[in-house]
Amino acid sequence: MPKKTTLSLIKADVGSIAGHQVVHPRLEELAQESLEEARSMGVLEDFYVTHCGDDLELIMTHRLGVDSSKVHELAWLTFKKAAKEAESLHLYGAGQDLLVDAFSGNVRGMGPGSAELEFQERPAEPVAIFMMDKTEPGTFNLPIYRMFADPFCAAGLVIDTAMHEGFRFEVWDIKASRRVFFDCPEEMYDLLAFIGTKGHYVIKRVYARSGKVPKDEAVASVSTDKLSQIAGKYVGKDDPVALVRSQSGLPAMGEVLEAWSWPFLAAGWNRGSHTGPVIPVGMKDNRVSRFDGPPRVFGLGFQVSDAKLIGPVDLFDDPAFDNVRRDAADLADYMRRHGPFEPHRLPMDEMEYTTMPQLMAKVKDRWEDLA
Ligand code: F6R
Ligand code: MG
Ligand code: MG
């Protein structure tokens, strides 16, 4: 049996240019050098450094499995180096996502976000890597659901016998730190009842139920770290990432992309406190602008071959997505006109890490009872 391959994406915002807009190229160079050294020492098989808005993204392949302390420490030390450089360049928010001083075995709970998949490579292994800025992990619920459970998006659920039995969803309750599994299509309505509450229940992994991929091998994985809970106060939305395997009994790459074909609404945007449309962008538009957004998704496609990354393809750099982008810009206009009113501004309980507690304290003695 050939060795399994692990694909790890670990990301952090360690400082950016012109406010929270985009990573400085020097930070990417530093990360490149750091991962190159790790590859030459045999820790990594391959890597690709990129960014999504103000988040530095380390895409890595290796043989060390999910949650490897070696790989997580490498990412942590790389972010530390980049944060130091960000400080010396006086970049904005230098070191923002590095919430603790010392590394302790795994980046989880320390600020950076991570998504990982370990698998036995198929003869050809296409993967899509999605990175989002100015939004939260639950924003992946809708597109991942569409890729793996919605026949109006993934035609293979109807047409391909290898997909016809559907997929299994692992859903995390990120507030109570517990998980539950749903088999689709038969438990589709149960699944939807939970994952519609995006700030509370998030799809963590998806598993195939038929076809050639082993049933215990995840075919999609989403980062679920919640910065505000880790830090105990608001320090920015956690800008999630996801890894999705595709083709040959899994959703075709085109079906994986079809899930982003309309600008659905997500929480995040300015100050992590507003609802806005998700815009799929190619590298050319891979940074936020208006009102610190709107939330963006950037996607890269690779073939993983003997743990090497062949590619990337800039997945949304295509006129076929121009209509979504235009609709998203129109929606952004529409939502912005609400100013500080819901549903553009998030409900109060999702604003608890911003000004609301202070404001409540300020007026606490001014409330008069109604007769
Ligand atoms: C959203 C985000 C930005 C900041 C905003 C204020 O995730 O990062 O919208 O919240 O630019 O930032 P500060 O408080 O750093 O001036
Ligand atoms: Mg930032
Ligand atoms: Mg960000």
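Only a predicted model underlies this, so the values are computations on that prediction, with no experimental measurement involved. In each ligand, atom 1 is the first atom listed, and ligand 1 is the first ligand listed.
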Practice problem: Return yes when Phe291 approaches ligand 1 closer than 4.0 angstrom through a heavy atom, no otherwise. | Solution: no
Quiz item: Is there a heavy atom of Gly19 sitting under 4.0 angstrom from any atom of ligand 1?
Solution: no
Quiz item: Would you say the side-chain atoms of Glu116 and His72 include a donor-acceptor pair closer than 3.5 Å?
Solution: yes
Practice problem: Using distance alone, with no hydrogens and no angle criterion, decide if Ser16 and Gln21 have a side-chain donor and acceptor under 3.5 Å apart. | Solution: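 No pair is found: no donor N or O on one side chain lies under 3.5 Å from an acceptor on the other.
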Quiz item: Do Arg245 and Phe119 meet the cation-pi criteria used here (NZ or CZ under 6.0 Å from the six-membered ring centre, within 45° of the axis)?
Solution: yes
Exercise. May I ask you to establish whether Arg336 and Phe291 are in a cation-pi arrangement, using a distance under 6.0 Å from NZ or CZ to the six-membered ring centre and at most 45° from the ring axis?
Key: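 Relative to the ring axis of Phe291, which defines the angle, Arg336 lies inside both limits.
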Exercise. Would you indicate whether Asp333, at its atom CG, is surrounded by more than 12 heavy atoms from other residues, nucleotides or ligands within a distance under 6.0 Å?
Key: yes
Quiz item: Around atom CZ of Phe181, are there more than 12 heavy atoms of other residues, nucleotides or ligands at under 6.0 Å?
Solution: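 More than 12 within 6.0 Å, yes.
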Self-check item: N or O pair under 3.5 Å between Lys134 and ligand 1
Solution: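 In fact, backbone or side chain, Lys134 has no N or O that close.
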Self-check item: Every N, O or S from the protein that is nearer than 2.8 Å to the Mg ion (ligand 2)
Solution: Asp13 OD2, His20 ND1, Asp54 OD2
Exercise. Starting from the Mg ion (ligand 3), look over the N/O/S atoms of Asp133 and name the nearest one.
Key: OD1
Quiz item: What N/O/S atom of Asp239 gets nearest to the Mg ion (ligand 3)?
Solution: OD2
Self-check item: Numbered atoms and elements of ligand 1 in range of Asn270, under 4.0 angstrom, heavy atoms
Solution: 9 (O)
Quiz prompt | Atoms of ligand 1, numbered as shown, that sit under 4.0 Å from any heavy atom of Gly272 | solution =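 In order of number, 1 (C).
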Over all atoms of both residues, closest heavy-atom pair of [X] and [Y]:
X      : Y      : result
Met147 : Glu255 : CG-O, 4.3 Å
Trp260 : Phe321 : O-CE2, 3.9 Å
Leu74  : Ala38  : CD2-CB, 3.4 Å

Self-check item: Contact partition for Tyr92 relative to ligand 1, non-hydrogen atoms under 4.0 Å
Solution: side chain
Quiz item: Where's the contact between His20 and ligand 1, heavy-atom distance under 4.0 Å: side chain, backbone, both or neither?
Solution: side chain
Practice problem: Return each pair, listed once, that meets salt bridge (Lys or Arg N to Asp or Glu O under 4.0 Å) where at least one residue sits in residues 52-71; pairs must be two or more places apart or across chains. | Solution: Lys11-Asp55, Asp54-Lys134, Arg63-Asp306, Asp67-Arg108
Exercise. Closest by any non-hydrogen atom to atom 10 (O) of ligand 1: pick that one out of Arg271, Gln21, Glu136.
Key: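 It is Arg271 whose heavy atom sits nearest to atom 10 (O) of ligand 1.
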Exercise. Using atom types as modelled and distance alone, determine if a side-chain donor or acceptor of Thr139 lies under 3.5 Å from a backbone N or O of Thr135.
Key: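 Not at all, since once roles are kept as given, no pair shorter than 3.5 Å links the two residues.
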